[in-house]
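What follows is a short report on a single structure.
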2 protein chains.
Amino acid sequence: MVTKAANIQEVKCPVTGMLQLIGGKWKPIILYCLRSETRRFGEISARIPILSRKVLTEQLKELERDGLVIREQFNEIPPRVEYTLTELGKSLTPVLNEMEKWGMENIIAKR
Amino acid sequence: MVTKAANIQEVKCPVTGMLQLIGGKWKPIILYCLRSETRRFGEISARIPILSRKVLTEQLKELERDGLVIREQFNEIPPRVEYTLTELGKSLTPVLNEMEKWGMENIIAKR
DNA sequence: GTAACAGGTTACCTATTGGTAACTGAGAAA
DNA sequence: TTTCTCAGTTACCAATAGGTAACCTGTTAC
């Protein structure tokens, strides 16, 4: 009988644990997009056009909940919302850099 | 109007391109499991018990199709099947290492 | 004669993901 | 007066992911 890990606390494998935080289809791309600078919601959306705004909202909420990004809302008209990586989010930079490098060498360079 | 990238050829972002190959919920874990050595199907399954064998089969097929692993079948009774990383699969090692390191430092070490 | 072995496949079902379209808010521009 | 702005929210629907259980192969051990 297979016993499932009920939540992240129980996972012993570092890669599995990590994937529970950023394993979504979109999260690495969003983090990659925020890697160098603070960005507004609309900016992120424009940079990842294949991602619907509804899903982007959901993913950003989860990233905020998990302590990887900070959401700052300015009470202006029209509204402005900015997203920035936290220290934990920034600590993912080496991972994202390796992913970028691999993608460059093995996908982008091959066409 | 949003135009979707119909397939991997059209993607310009290296991270997006990479995620189309290994972006599944399980693929990084499977590759991580194969990182150091050739393993039999049952071994992989035992090491990732929360993953059903049906899904493992599917994921391995996709990884083989995408040129990341090699499947070797021995016509013995009972059958034996071994999976090994290809050169392309091995080239992911730095990414997997960074993921492991981050998971160790930021998830495993915090309990 | 039937159960176990390894590595699946298949049928069937549910859960999760993700899409579109319509709507919200206050102010500013036409 | 209507429309536009930005950053969502909501309702609803479709597609995908993933689960369980039963079955397959041919040989060997009980």
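Each chain gets a letter, A, B and so on, in the order its sequence line appears, and its residues count up from 1.
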Self-check item: Student check: side-chain heavy atoms of B:I29 and B:R47 closer than 4.5 Å
Solution: no
Quiz item: Between C:dA26, C:dG8, D:dG8, which nucleotide gets closest to the side-chain atoms of A:V81?
Solution: D:dG8
Exercise. Remember a base hit wins even if backbone is also touched, and classify B:K25 as base, sugar-phosphate or nothing at under 4.0 Å, heavy atoms.
Key: sugar-phosphate
Quiz item: What's the CG-P distance between B:L56 and C:dT9, to the nearest Å?
Solution: 11 Å
Quiz item: Does a distance-only test, which skips hydrogens and angles, find a donor-acceptor pair under 3.5 Å between the side chain of B:K54 and the base of D:dG19?
Solution: yes
Quiz prompt | Distance, rounded to the nearest Å, where B:L19 contributes CG and C:dT17 contributes P | solution = 16 Å
Quiz item: For DNA chain C, whose closest nucleotide is more 5', that of B:I77 or that of B:T57?
Solution: B:I77
Quiz item: Should the pair A:R80-A:E72 be classified as a salt bridge under the 4.0 Å nitrogen-to-oxygen rule?
Solution: no
Quiz item: D:dA7 phosphate, OP1 or OP2: any side-chain N/O from A:R40 under 4.0 angstrom?
Solution: yes
Practice problem: Ignoring backbone atoms, establish whether B:Y83 has a side-chain N or O less than 4.0 Å from OP1 or OP2 of C:dA6. | Solution: no
Quiz item: Do the side-chain N or O atoms of B:R71 get closer than 4.0 angstrom to the phosphate oxygens (OP1, OP2) of C:dG8?
Solution: yes
Practice problem: Rounded to the nearest angstrom, tell me the gap between atom CD1 in B:I30 and atom C1' in D:dG18. | Solution: 13 Å
Exercise. Indicate, with yes or no, if B:V55 and B:Y32 share a hydrophobic cluster defined by side-chain heavy-atom contacts under 4.5 Å among Ile, Leu, Val, Met, Phe, Trp and Tyr.
Key: yes
Self-check item: Under-4.0 Å side-chain N/O to phosphate OP1/OP2 contact, B:W26 with D:dG18
Solution: yes
Exercise. Rounded to the nearest angstrom, tell me the gap between atom CD1 in B:I50 and atom C1' in D:dG18.
Key: 12 Å
Self-check item: Closest to the B:V55 side chain, choosing from D:dT9, D:dA7, D:dG18
Solution: D:dG18
Quiz item: 5'-most contact on DNA chain D: A:R80 or B:E62, nearest heavy atom basis?
Solution: A:R80
Quiz prompt | Spacing between A:E43 atom CD and D:dG8 atom P, to the nearest angstrom | solution = 13 Å
Practice problem: Identify which nucleotide among D:dG8, D:dC6, C:dG8 has an atom closest to any side-chain atom of A:P79, counting heavy atoms from C-beta outward. | Solution: D:dC6
Quiz item: For the pair made of CD in B:Q73 and P in C:dG8, what is the distance, rounded to whole Å?
Solution: 7 Å
Practice problem: Before accepting this row, confirm whether a basic side-chain N of the pair A:K90/A:E87 lies closer than 4.0 Å to the acidic partner's carboxylate O. | Solution: yes
Quiz item: Side chains of A:Y83 and A:R39: donor-acceptor distance under 3.5 Å anywhere?
Solution: no
Quiz item: Phosphate oxygens OP1/OP2 of C:dG19: is one of them under 4.0 Å from a side-chain N or O of A:S52?
Solution: yes
Self-check item: Rounded interatomic separation in angstrom, taking CG from A:N75 and C1' from C:dA26
Solution: 12 Å
Quiz item: Quick one: does A:R53 reach the base of D:dA7 with a side-chain donor-acceptor pair under 3.5 Å?
Solution: yes
Quiz item: Once you round it to whole Å, what is the distance between C1' of C:dG8 and CZ of B:F74?
Solution: 16 Å
Quiz item: Does the distance from a Lys or Arg side-chain N to an Asp or Glu carboxylate O, for A:R35 and A:E100, drop under 4.0 Å?
Solution: yes
